[in-house]
Amino acid sequence: MALTAREKEHWPPYRLIEDSIAERAAAKLDKLERLYHVGQDLAWDGRQVLADLIAKHGPPRLPAQKQEGALKLLSILLWGELAAWAISADLAERMEDVEAKMAATSQAHDEARHFYVLRDYLRALGEPVPRLGGIGRRLLLNILTTDSLVHKLIGMQLLVESNALAIFRALCEAEIEPVLVELLPYYERDEARHVGLGVMYLPRLLARLSRAEAARAAVFQVSCVGLMVSAGLTMRDQFREVGLEPRNLATYTLKLQDQIVRDMLAAARGQAVGKRGVRGVLNPTRGIGPRILDFVHPAGGEAAAPAWQRLALEVWKRGALIADRALA
Ligand SMILES: [Fe+2]
Ligand SMILES: [Fe+2]
């Protein structure tokens with residue numbers, strides 16, 4: 001192999017693995033822009049997909065014993081999609097980088113489709129859609145109305161999207177109704193992409209936070225998780241009615257959130273901001289996270305839990321049910 005004198009002098013070409021910080025930052029922005037282009041390539045025609053599925057399986061009908069629980073869950077997903085639409089449109093307006101704006105705009109386009117397809121599916125079911133519980137309503141409103149871009153991204157991209165992904169997956173596995181079972185994977189694919197926006201964009205925002213701002217972001221996350229857990233407690237019986245085991249649902253959600261935080265850390269290293277890029281974000285699978293999981297969802301089932309724990313959970317659940325009605 002013939003090398004020029006200059007090539008010899010500079011061999012091995014370290015630059016192949018040592019991109020400059022500026023190049024790495026540009027590469028990250030390229031990836032964000034790619035979310036937009038992939039979103040465009042994979043955009044599905046919601047009207048066509050739903051019409052084809054109904055033609056294939058006939059009009060959707062829920063099994064009588066699962067109807068109440070399934071409708072309650074679908075109502076949460078429906079209004080969650082509307083909130084996600086508004087939040088991603090807001091992100092698109094407020095984020096500074098063009099590439100991030102493109103990714104958020106693509107998400108808004110997806111969320112609009114998710115909302116109208118679910119609305120049309122519910123219309124095809126022909127059943128009245130129950131109102132959203134007050135705690136879920138409060139959670140979505142908190143994320144919708146916060147002025148902080150960081151809080152918005154943590155609430156939506158990290159918490160709500162991962163929770164929605166877990167519910168989509170669980171509803172699919174429970175095989176409640178064939179049209180829904182074939183429809184939800186379309187949602188899942190899009191939601192997985194939406195998580196990417198938070199993973200890639202949050203580190204650069206978090207790295208700039210002061211200590212007090214990072215603490216406020218952590219408090220916001222904890223308050224959202226508290227609302228989610230409380231809302232979950234109010235729906236425990238309905239989850240089971242539909243065939244979803246609450247502990248499995250929570251475990252899967254935490255697994256997704258753990259992966260998101262790891263990916264964020266990797267992204268932060270890529271952007272040369274290191275651990276500063278995840279400050280203010282708590283990994284729910286670390287610290288007291290697993291103990292909270294075991295407390296709320298005892299591994300051997302509620303019946304096998306000690307009396308004090310059953311009592312505490314019962315009190316929490318009753319309080320949550322009262323709040324759920326009061327805030328509705
Ligand atoms: Fe969505
Ligand atoms: Fe989404």
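Read the numbers this way: they start at 1 and go in the same order the structure lists the ligands and their atoms. The model shown is predicted, which means the values in this text are computed figures rather than measured ones.
Of all N/O/S atoms in Glu81, OE1 sits nearest the Fe ion (ligand 1). For His194, the N/O/S atom at the shortest distance from the Fe ion (ligand 2) is named ND1.
Within the cation-pi definition used here (under 6.0 Å to the ring centroid, within 45° of the axis), Arg113 qualifies as a partner of Trp44.
For the Fe ion (ligand 1), the set of nearby N, O or S atoms under 2.8 Å includes none belonging to Asp190. Because the distance cut-off is set at 2.8 Å, His114 qualifies as a neighbour of the Fe ion (ligand 1) through one of its N, O or S atoms. For the Fe ion (ligand 1), the set of nearby N, O or S atoms under 2.8 Å includes one belonging to Glu191. At a cut-off of 2.8 Å, Asp110 does not coordinate the Fe ion (ligand 1) through any N, O or S atom. Taking 2.8 Å as the threshold, Glu111 counts as a candidate ligand of the Fe ion (ligand 2), since one of its N, O or S atoms lies below it.
Side chain to side chain, Ser162 and Gln257 meet the donor-acceptor criterion of an N or O pair below 3.5 Å. With no hydrogens or angles considered, a side-chain donor-acceptor pair links Tyr201 and Asp97 at under 3.5 Å.
Using cut-offs of 30° and 60° on the angle between ring planes, the pair Phe295 and Trp316 is parallel.
Note that CG of Leu205 is 11.0 Å distant from CD of Glu213, once rounded to the nearest 0.5 Å.
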Carefully, step by step, assess Tyr116 and Trp85 under the rule ring pair (Phe, Tyr, Trp, His ring centres under 6.0 Å).
CA-CA 11 Å; Tyr116 86 74; Trp85 180 2; 8.7 Å; no
